[in-house]
Colleague: 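Okay, handing you the structure first.
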Protein chains: 2
Amino acid sequence: MSAQSSTDGDAAEAILARVRARGGAATIYDIAELAGVNPSTVSRALGKPGRISAGTAAKVRAAAERLDFRVNPMARALQTGKTRMLGLVLADITNPVVFGIVRGAEHAAAAAGYTLVIAESQESGENEAEAVERLLPSVDGLVLATTRLSASAITDLAQRKPVVLINRAVDGVDGVLPDVGAGVVELVEHLASSGHRAIAYLAGPDTSWINARRWSDILAAAEERRIAIVEIGPNHPTIAGGRDALRRVRAAHVSAVIAYNDLMAIGLMQEAAARGITVPDQLSVAGFDDIFGSELIVPPLTTVAADLVAAGGRAVRAAGRGRRLPAERGTSGTAAHDVARAWVDRPRPRRMTSAPGVSQAGTAP
Amino acid sequence: MSAQSSTDGDAAEAILARVRARGGAATIYDIAELAGVNPSTVSRALGKPGRISAGTAAKVRAAAERLDFRVNPMARALQTGKTRMLGLVLADITNPVVFGIVRGAEHAAAAAGYTLVIAESQESGENEAEAVERLLPSVDGLVLATTRLSASAITDLAQRKPVVLINRAVDGVDGVLPDVGAGVVELVEHLASSGHRAIAYLAGPDTSWINARRWSDILAAAEERRIAIVEIGPNHPTIAGGRDALRRVRAAHVSAVIAYNDLMAIGLMQEAAARGITVPDQLSVAGFDDIFGSELIVPPLTTVAADLVAAGGRAVRAAGRGRRLPAERGTSGTAAHDVARAWVDRPRPRRMTSAPGVSQAGTAP
DNA sequence: TTGTATGCGTTATCAC
DNA sequence: GTGATAACGCATACAA
């Protein structure tokens, strides 16, 4: 045993003490010193297994372990340009619809070694633009859930960093679109077979792409079955928004309502109950999203479900592997970029008792 | 007009083109070139207003604007040691209890110019430790909500970075403890005056600090009023956990149950309904947290509320301004650190119809 | 007030 | 296979 090896423990202690004294964490320089190699060798040993001899690799790993080393993500990011962070921008964190998205996104991010940073826009396009600008320099990619940004703003954004949309389709930008078309058809079918001849769609925000999509799906399904269909709105996509809409619903003389989302459906049901209107006997109510709580209220809410956890996960994985679209090389003119085909997620709608694709539909009076 | 100024636009264009060509963002070097000053002057002009002449400051700002400059957070962090990021670690994102915390935390973070990164531990201490280690190098501080970490692990952590706990008290570590003591007293009082003589507490996880606290509050309040009180558990803090507990609740021959949280209360009510036991006529059920949905279910759930949004906000602000406890300077021995006094948040419990401090308490049979 | 020089911790590009 | 050195973008002592 050489004098060298007999002092190894002390050497480690000395370095450790120095590290603590400067109040920070151990660096690859500390490891290099302890292992008796060059810092660049440490970086390689830790980063690219295989391109280094087994012996030194082991020495380096041991030293790193001994000093409780963890790489500094900022220093790495500065050099590589990759932060290993993904941004998730949501309209409203308290909206139960996004819970699934957040969970799916967080899991997928952690699994892929990414850190998830989130921001909320409060349903305001201005706030959202601000949040996006704030996040953008720190992340490798961005997931925008039910964004209120304009298509052109999104296109511009996608030129800078990989962007993945949830519940929104923009040409040339990746998107995850939970497909509720089949669920809508089955819901309308179910309402029709239950005797409903006049239905209202309680619209959400008119800036919402998914709102437009739901309306057009419902419109088509109703037309096909020769059922009367009217659109009422736009409304706030909240319980209060649903409450406020009851009067117009009653005035429309329909026997069933499909709301833009479960929150509005719940609000409508609450207000109906307050006015002595029984659901579903006097009014059938259905929503979208299958939020937490829809199975708890009485009567159980009819809702068309989409797998938001999967959507969040897919979006994050796409954002992580994504590269921004190549920018125009020319000196002037409009940028000509590849048009990536938006891909569509097709989860099976949740099947429950009464109607396939929808859960527990109410019956007609 | 000099040739210089007549070519300003072209100069900017040229620099912009170069920036685009290298596929990144503009740096202070680009600004310095365009404004005709030194990079360090740019840094100062943008960072410390006042310590620079008004003229050059304006020039620099104009150039920065022109080049659409945003500082690189990684480069800044590498130099300053501050990332302007805060970590929020949650046991379970899908648990409605944490929604308020997340929202409050996100708002406070954005308002203070911090970026919030979140991680989920899935109720597992191991996962949580892993998530913490993953986040730690990237953040200036950490907020741990209903953590499953041991007190010693938390103390160690607090030595490295500022740590703020929510729903957990550890000596020497800052914490936000929504005070539900008053609400508990009023709830028990209400149950007593409604005729209940025997109550059960449906316990949560035995590793939960807040669970122990709730139990001791309830125990004291019941003792004082000479009401029989029993603890049943531990149970999973979920709807399923509540469901599974019904049998033991019935076996205990109590007329009222206070569950560890609303989810368990809901599960208990669901199972009771399934077994033909009417709530609140045959069994009164109360919970904690006032989660989303508790006002939607029928009958309305009795619940003791705490202002979690405020708690999340306070925790983030504390973490942002916090400094880690000074480490021991000596060469050996136990570190002697300041013991920061944990401070307690005292929100007013939500007041609703029946009982002060609790919302819509059920009545005794 | 502004310019010069240096360092933050890592990866990448050369040599050897 | 390993070492030396530059570079990432910014902030900051120190000089001028």
Side-chain angles (χ1 to χ4, degrees), chain A residues 15 18-19 21-61 63-64 67-85 113 136-140, chain B residues 15 18-19 21-61 63-64 67-85 136-138 140:
Chain A
I15 294 177
R18 192 186 58 199
V19 167
R22 71 167 180 254
T27 73
I28 58 171
Y29 288 91
D30 300 314
I31 299 176
E33 184 180 341
L34 183 56
V37 296
N38 190 279
S40 62
T41 302
V42 174
S43 176
R44 278 186 290 247
L46 265 28
K48 341 240 182 208
R51 299 191 71 77
I52 222 82
S53 88
T56 53
K59 266 198 313 192
V60 167
R61 270 196 302 272
L67 299 182
D68 194 32
F69 170 82
R70 2 206 133 252
V71 352
N72 181 326
M74 307 302 148
R76 168 176 285 175
L78 182 57
Q79 168 63 19
T80 61
K82 260 79 194 68
T83 64
R84 303 295 300 176
M85 295 201 232
L136 204 61
S138 306
V139 300
D140 291 344
Chain B
I15 295 177
R18 192 185 58 198
V19 167
R22 73 168 179 253
T27 74
I28 57 172
Y29 289 90
D30 300 314
I31 299 177
E33 185 179 341
L34 183 55
V37 297
N38 191 278
S40 65
T41 303
V42 174
S43 176
R44 279 185 290 247
L46 265 28
K48 336 241 185 211
R51 299 190 71 76
I52 222 83
S53 88
T56 52
K59 266 198 314 193
V60 167
R61 271 197 301 273
L67 299 180
D68 194 33
F69 170 82
R70 6 208 129 250
V71 345
N72 181 327
M74 307 302 148
R76 169 176 284 174
L78 182 56
Q79 167 64 18
T80 62
K82 262 79 194 69
T83 64
R84 303 296 298 177
M85 296 200 231
L136 204 60
S138 306
D140 291 344

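Chain naming here is simple, since letters A, B, ... match the order of the sequence lines and numbering starts at 1 in each.
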Colleague: Please confirm whether the shortest side-chain N or O distance from Thr80(A) to OP1 or OP2 of dT11(C) is below 4.0 Å.
Modeller: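 Negative; the distance criterion is not met.
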
Colleague: What integer distance in Å separates Arg76(B):CZ from dG7(C):C1'?
Modeller: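 Those two atoms, CZ and C1', are 17 Å apart.
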
Colleague: Is it the case that the base of dG3(D) and the side chain of Arg44(A) share a donor-acceptor contact (distance under 3.5 Å, atom types as modelled)?
Modeller: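 Counting by modelled atom types and ignoring angles, a donor-acceptor contact under 3.5 Å is found here.
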
Colleague: Does dG1(D) have its OP1 or OP2 closer than 4.0 Å to a side-chain nitrogen or oxygen of Thr41(A)?
Modeller: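 No, no such contact exists.
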
Colleague: For the backbone of Thr83(B) and the side chain of Asp140(B), can you confirm whether one donor and one acceptor N or O come within less than 3.5 Å of each other?
Modeller: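 Side chain of Asp140(B) to backbone of Thr83(B), a donor-acceptor pair under 3.5 Å: yes, one is there.
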
Colleague: With respect to Phe69(A), which candidate in Leu34(A), Ile28(A), Asp30(A) satisfies the side-chain contact (heavy atoms from CB on, under 4.5 Å) definition?
Modeller: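 Checked Leu34(A), Ile28(A), Asp30(A) against Phe69(A); only one passes side-chain contact (heavy atoms from CB on, under 4.5 Å): Ile28(A).
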
Colleague: Is any N or O donor-acceptor pair between the side chain of Tyr29(B) and the base of dC10(D) shorter than 3.5 Å?
Modeller: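 Flag set: donor-acceptor pair detected.
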
Colleague: Identify each donor-acceptor pair in which a side-chain atom of residues 39-46 of chain A lies under 3.5 Å from a protein atom, sequence neighbours left out, and give them as a table.
Modeller:
residue  : atom : partner  : partner atom : Å
Ser40(A) : OG   : Asn38(A) : OD1          : 2.9
Ser40(A) : OG   : Arg44(A) : NH2          : 3.4

Colleague: Any side-chain N or O of Lys48(B) less than 4.0 Å from the OP1 or OP2 oxygen of dA11(D)?
Modeller: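 It does not, given that no N or O in the side chain of Lys48(B) lies less than 4.0 Å from OP1 or OP2 of dA11(D).
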
Colleague: Using atom CZ of Arg22(A) as one end and atom P of dG7(C) as the other, report the distance to the nearest whole Å.
Modeller: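 Spelled out: CZ on Arg22(A) to P on dG7(C) is 14 Å.
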
Colleague: Between Leu78(B) and Pro39(B), which has a closest nucleotide on DNA chain D that is more 5'?
Modeller: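 Its nucleotide being nearer the 5' end, the pick is Leu78(B).
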
Colleague: For Val42(B), answer base if it contacts any base atom (sugar-phosphate contacts may also be present), sugar-phosphate if it contacts only those atoms, and nothing otherwise; contact means non-hydrogen atoms under 4.0 Å.
Modeller: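 Nothing: the residue Val42(B), judged by heavy atoms under 4.0 Å, touches no strand.
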
Colleague: Any donor-acceptor pair under 3.5 Å joining the side chain of Ser40(A) to the base of dA4(D)?
Modeller: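 Answer yes: a donor N or O sits under 3.5 Å from an acceptor.
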
Colleague: Starting from C1' on dC10(D), measure out to CE on Met74(B) and report it in whole angstrom.
Modeller: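 Rounded to the whole Å, the gap is 13 Å.
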
Colleague: Would you indicate, yes or no, if dT11(C) has its OP1 or OP2 atom less than 4.0 angstrom from a side-chain nitrogen or oxygen of Ser43(A)?
Modeller: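 Result: yes.
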
Colleague: Please state how far atom CD1 in Ile28(A) lies from atom P in dA12(C), giving the value in whole angstrom units.
Modeller: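 After rounding, the reported distance stands at 11 Å.
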
Colleague: To the nearest angstrom, how far is Asn38(A) atom CG from dC14(C) atom C1'?
Modeller: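 Distance, rounded to whole Å: 13 Å.
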
Colleague: With the side chain of Thr27(A) defined as its heavy atoms from C-beta on, choose the nearest nucleotide among dG9(C), dG1(D), dA11(D).
Modeller: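 Closest nucleotide to the Thr27(A) side chain: dG9(C).
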
Colleague: Roughly, in whole Å, what's the span from CZ in Arg70(B) to P in dC10(D)?
Modeller: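 Checked: the CZ to P distance equals 12 Å.
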
Colleague: Rounded to whole Å, how long is the line connecting atom CG of Asn72(A) with atom P of dC8(D)?
Modeller: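 From Asn72(A) CG to dC8(D) P: 18 Å.
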
Colleague: Set out, in order, the CA-CA distance, both residues' side-chain angles and the distance that settles side chain to side chain contact (heavy atoms under 4.5 Å, CB included) for Val60(A) and Ile31(A), then state yes or no.
Modeller: CA-CA 7 Å; Val60(A) 167; Ile31(A) 299 176; 4.1 Å; yes

Colleague: Can any side-chain N or O of Arg70(B) pair as donor or acceptor with the backbone N or O of Pro73(B) at less than 3.5 Å?
Modeller: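 Side chain of Arg70(B) to backbone of Pro73(B), a donor-acceptor pair under 3.5 Å: no, none is there.
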
Colleague: Between Lys59(A) (NZ) and dG1(D) (P), how many Å, whole number?
Modeller: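 From Lys59(A) NZ to dG1(D) P: 15 Å.
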
Colleague: Side-chain N or O of Lys82(B) less than 4.0 angstrom from OP1 or OP2 on dA11(D)?
Modeller: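 The answer is no; no side-chain N or O of Lys82(B) sits under 4.0 Å from OP1 or OP2.
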
Colleague: Is the base of dG9(D) touched by the side chain of Gln79(B) through a donor-acceptor pair closer than 3.5 angstrom?
Modeller: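 Side chain to base: no pair present.
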
